[in-house]
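Structure record follows, encoded as structure tokens.
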Amino acid sequence: MNPEHIEKIIADHEGRQGAIISILEDIQDLYHYLPEEALRMVARKTGQSLVDIYGVATFYKAFSLKPRGRHLISVCMGTACHVRSAPGIVDEFTQQLGLRPGETTEDSEFTLETVNCLGTCALGPIVVADGTYFSNVKRTDVKKIIHKARTGAAGARSGRDERLFPVDVLCPLCGRTLTDAHHQIENNSSIALDVSFDGKKGWIRLSSLYGSTCRESEHEMPPDVLVSLSCPGCGRNFPEKLNCIECGAPMVPLEFQGGGVLYVCARSGCMSRRISLDVPVLRAETASARQA
Amino acid sequence: MVTVTINGLDVSVEEGMTILEAARFIGFPIPTLCYHEGLSPYGACRLCVVEIGEAPRSRLVSSCTYPVEEGLKIRTASKRVVQARRMIIELLLASCPQSKTIQDLASAYGVRTQRFKQEYEDCILCGLCVRMCSEQMMAKAIGFRGRGTERSVGTPFDIQSDVCRLCGACMHICPACQLRCTYNEPEKAICNACANLRPPCLEKEQYDDMMCYMDPCVACEIK
């Protein structure tokens with residue numbers, strides 16, 4: 001255990017009320033369990049009593065005070081999974097990995113545990129390997145799951161943020177798609193727009209992941225300038241409406257497939273995005289711009 | 001001052017009092033287990049239930065945590081209250097039958113048998129010792145650990161705590177003798193007071209005049 005790592009984690013959450021759970025989560029991400037010395041250190045640094053921190057660490061099932069392996073395999077043993085032969089799957093894991101539920105292999109590669117319900121009963125039996133859900137698991141799938149977890153294909157535990165999802169957007173004026181499959185940002189196709197500011201004109205590519213603010217552009221943009229965004233297809237400027245909740249600058253609406261509006265803030269330093277489901281309002285407002 | 005009706009008697013009591021304090025002040029007894037004057041109310045044992053409001057909308061609340069309100073109608077010994085208390089005592093008896101405090105309560109309420117699976121726990125999770133340790137002793141050496149059926153009271157990692165001063169207050173206040181003297185496992189012991197006596201109090205006749213807060217002293221019982 002490296003005290004500096006723990007110190008850094010605690011410093012990251014400095015001064016926040018109720019940060020204990022976040023601190024413990026970060027420590028667990030690092031070591032896959034909560035070492036005793038780490039808990040003592042958290043108590044010392046945050047000024048809380050060890051008893052309170054130990055109480056939190058033992059209260060939540062997600063925390064483990066026993067060392068866990070690099071890969072965590074949880075087999076759902078809830079009622080629905082149980083009747084669909086989850087015990088057989090546990091047996092298979094037990095045989096293949098040579099450990100009972102709750103145990104860790106000697107090379108500390110795998111930890112096997114059973115959980116009581118993962119809330120996706122219709123897809124049972126469920127196995128979660130390193131955060132990836134495997135549904136309708138059969139005994140014959142067990143080998144594959146172990147292999148995927150071992151090679152990291154099951155997704156690292158501190159890997160992709162599942163809260164980000166790609167969106168496919170259209171120009172609200174001409175209806176052409178703005179998705180650029182050739183220019184990839186964050187391993188997803190990007191949103192292609194034209195941008196003009198200070199007399200300069202060029203392209204800009206926004207990440208299509210909702211929640212991300214990644215972007216690339218032809219010209220370097222100063223951080224605090226209002227840009228006008230236009231469609232590369234029809235060349236018309238998008239109407240500006242709705243003020244950004246982050247910075248108050250106007251936002252431009254883009255229609256996205258599946259029925260919704262993606263608002264993009266027109267201030268270069270912000271460019272935050274927001275989804276609204278108010279398509280008819282957008283239609284009415286862009287109708288006049290479309291005729292012009 | 002607020003006016004409340006306790007068992008049909010209109011009384012005015014100070015605002016901010018709990019029902020328990022008001023009732024005891026007026027002279028109506030309410031049994032308690034997890035309540036202690038010097039500690040914050042916790043509402044864990046539910047033994048102090050009283051009925052408030054008027055039928056058919058009356059309800060049971062724990063009097064140790066419920067502050068008095070203007071015009072509140074309180075019954076401290078209605079049929080419903082007594083039934084609830086008897087049930088609580090039965091459940092306590094099912095988990096900690098050897099506790100003197102609980103046995104006394106059972107006899108006071110005429111509970112002679114209990115209908116549940118008999119267990120022999122030594123803790124009812126009332127939290128008295130935990131509050132004693134943090135609020136009166138300012139030590140925070142013991143606390144709750146785990147949850148559900150795994151919940152228990154003790155020190156972190158089950159080893160003697162750095163902040164424990166071996167004051168023994170937790171044992172003194174315990175109604176179920178949770179932290180009994182564990183002379184045979186000194187490393188795990190919270191107190192160790194009797195083990196630290198020279199010669200140890202196991203040689204009983206040496207300390208005939210000594211007051212021991214373990215009654216009976218478990219260390220003395222161990223042969």
Side-chain angles (χ1 to χ4, degrees), chain A residues 1 3 6 10 17-21 23-25 27-28 31-68 74 76-79 100-104 111 113-119, chain B residues 34 36 39-40 42-44 121-174 178-179 182 187-192:
Chain A
M1 201 193 87
I6 312 275
I10 296 165
Q17 268 271 266
I20 292 299
I21 291 177
I23 292 173
L24 296 184
E25 272 178 344
I27 294 173
Q28 173 137 323
Y31 299 105
H32 308 311
Y33 82 109
L34 299 173
E36 177 178 338
E37 199 40 53
L39 290 188
R40 289 185 187 278
M41 208 160 148
V42 171
R44 255 198 322 276
K45 298 277 171 192
T46 58
Q48 302 220 29
S49 63
L50 180 61
V51 147
D52 292 344
I53 288 158
Y54 187 79
V56 171
T58 51
F59 185 88
Y60 292 102
K61 265 266 169 90
F63 294 128
S64 170
L65 294 172
K66 279 199 311 203
R68 274 185 180 167
S74 321
C76 181
M77 286 283 263
T79 313
R100 280 190 301 259
E103 291 180 348
T104 303
T111 296
E113 65 172 31
T114 59
V115 291
N116 285 334
C117 188
L118 291 160
Chain B
C34 75
H36 193 276
L39 303 173
S40 58
Y42 191 59
E121 302 289 328
D122 48 13
C123 180
I124 54 169
L125 299 171
C126 67
L128 272 176
C129 53
V130 174
R131 280 174 286 149
M132 186 66 160
C133 192
S134 73
E135 292 172 20
Q136 289 292 341
M137 298 306 156
M138 307 296 169
K140 283 206 165 189
I142 53 170
F144 287 109
R145 310 161 309 171
R147 69 166 161 186
T149 52
E150 308 285 302
R151 194 163 155 94
S152 67
V153 172
T155 54
F157 309 106
D158 264 331
I159 50 173
Q160 193 168 336
S161 169
D162 306 337
V163 287
C164 177
R165 298 191 297 270
L166 309 180
C167 68
C170 45
M171 298 206 302
H172 171 72
I173 203 166
C174 179
Q178 143 80 8
L179 300 170
T182 43
E187 301 83 47
K188 287 190 177 177
I190 300 289
C191 160
N192 259 352

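To find a chain, count down the sequence lines: A is the first, B the second, and so on, and within it residues start at 1.
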Side-chain touch C170(B)/I142(B), heavy atoms, less than 4.5 angstrom: yes
Heavy-atom neighbours of R100(A) CZ exceed 12 at 6.0 Å: no
Residue Y60(A) excluded, over 12 heavy atoms near OH under 6.0 Å: no
Chain B contact via I53(A) - side chain, backbone, both or neither, heavy atoms under 4.5 Å: neither
Within 45° cone and under 6.0 Å: R68(A) NZ/CZ vs Y33(A) ring: no
Structural part of A139(B) lying under 4.5 Å from a heavy atom of chain A: neither
Side chain / backbone / both / neither for F144(B) at chain A, heavy atoms under 4.5 Å: backbone
